[in-house]
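Notes to accompany the following structure.
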Amino acid sequence: MTTPNPPAASQQAAVEAALLILERMGLSPGDLTSVRSDRKPVPTFAEYVPVVSAAVTDGTRKAYGSYWNRVTEHWGGRRLDEPTPSEIRQLMKHVRSHVAPRRNARGGRGAAENLVAALRCLYRHAEDDG
């Protein structure tokens, strides 16, 4: 039988601190793995965007609908908790570079800002829904 490699000295201190905290809470490491989670699974963008779209006012839907469509187009099958900040920046860059050309254009800056506002609205509703 092989024994697992012991953690490095700095990790060992962290492990001991965690075990001490667990002990003071009256828990064991096994208690952490045996707890069932009653949390609902995180929905995908394709599942959740229609929920939010139905919940907001007509004005909000009109303002953010095209951005939610782009989010669904790019991340439809992904869960809401999956995109990283750098992936959001990449999507902002994509939106910025694919704007409709207009005389008063600002290089897509407004479109990127609206995408962020649309995502904030989406995540605000997700937080409210738990």
- line: On a heavy-atom basis, the closest approach of A112 and V95 is N-CG1, 4.4 Å
- prompt: Measuring from H74:NE2 to H94:NE2, what's the distance to the nearest 0.5 Å?
  reply: 3.5 Å
- prompt: Hey, what do you get for CD (E87) to CD (E82), rounding to the nearest 0.5 Å?
  reply: 8.5 Å
task: For side-chain contact (heavy atoms from CB on, under 4.5 Å), just list the numbers for V71 and Y64, CA-CA rounded to whole Å, side-chain angles, deciding distance to a tenth of an Å, and then say yes or no.
output: CA-CA 11 Å; V71 168; Y64 296 153; over 6 Å; no
query: Would you call M92 and V116 a side-chain contact if the rule is heavy atoms closer than 4.5 Å?
result: yes
Test item: T72 side-chain N/O and W68 main-chain N/O as donor-acceptor pair under 3.5 Å: yes
message: For a quick test of reading the model, state the closest non-hydrogen atom pair linking H98 to R70 and the distance between them.
response: O-NH2, 3.6 Å
Side-chain heavy-atom pair K93, R89 within 4.5 angstrom cut-off: no
query: Does atom CZ of R61 have more than 12 heavy-atom neighbours from other groups under 6.0 Å away?
result: yes
- request: Return the minimal non-hydrogen interatomic distance between L19 and P29, and the atom names on each side.
  value: CD2-CG, 3.6 Å
field: Criterion side-chain contact (heavy atoms from CB on, under 4.5 Å) on L20 and E16, from CA distance to verdict
entry: CA-CA 6 Å; L20 179 64; E16 289 175 9; over 6 Å; no
message: Just verifying a value: how many Å separate S53 OG and L122 CG, rounded to the nearest 0.5 Å?
response: 10.5 Å
- prompt: Of all heavy-atom pairs between T44 and G77, which one has the smallest distance, and what is that distance?
  reply: CG2-O, 3.5 Å
I88 to W75 - nearest heavy-atom pair and separation: CG1-CH2, 3.7 Å
field: V42 versus L80, closest heavy-atom pair with distance
entry: CG1-N, 3.6 Å
Euclidean distance, Y67 OH relative to E113 CD, rounded to 0.5 Å: 9.5 Å
field: Interatomic spacing from SG in C121 to CG in N114 - rounded to 0.5 Å
entry: 12.0 Å
message: Could you measure the distance from the CD atom of E73 to the CZ atom of F45? Nearest 0.5 Å is fine.
response: 13.5 Å
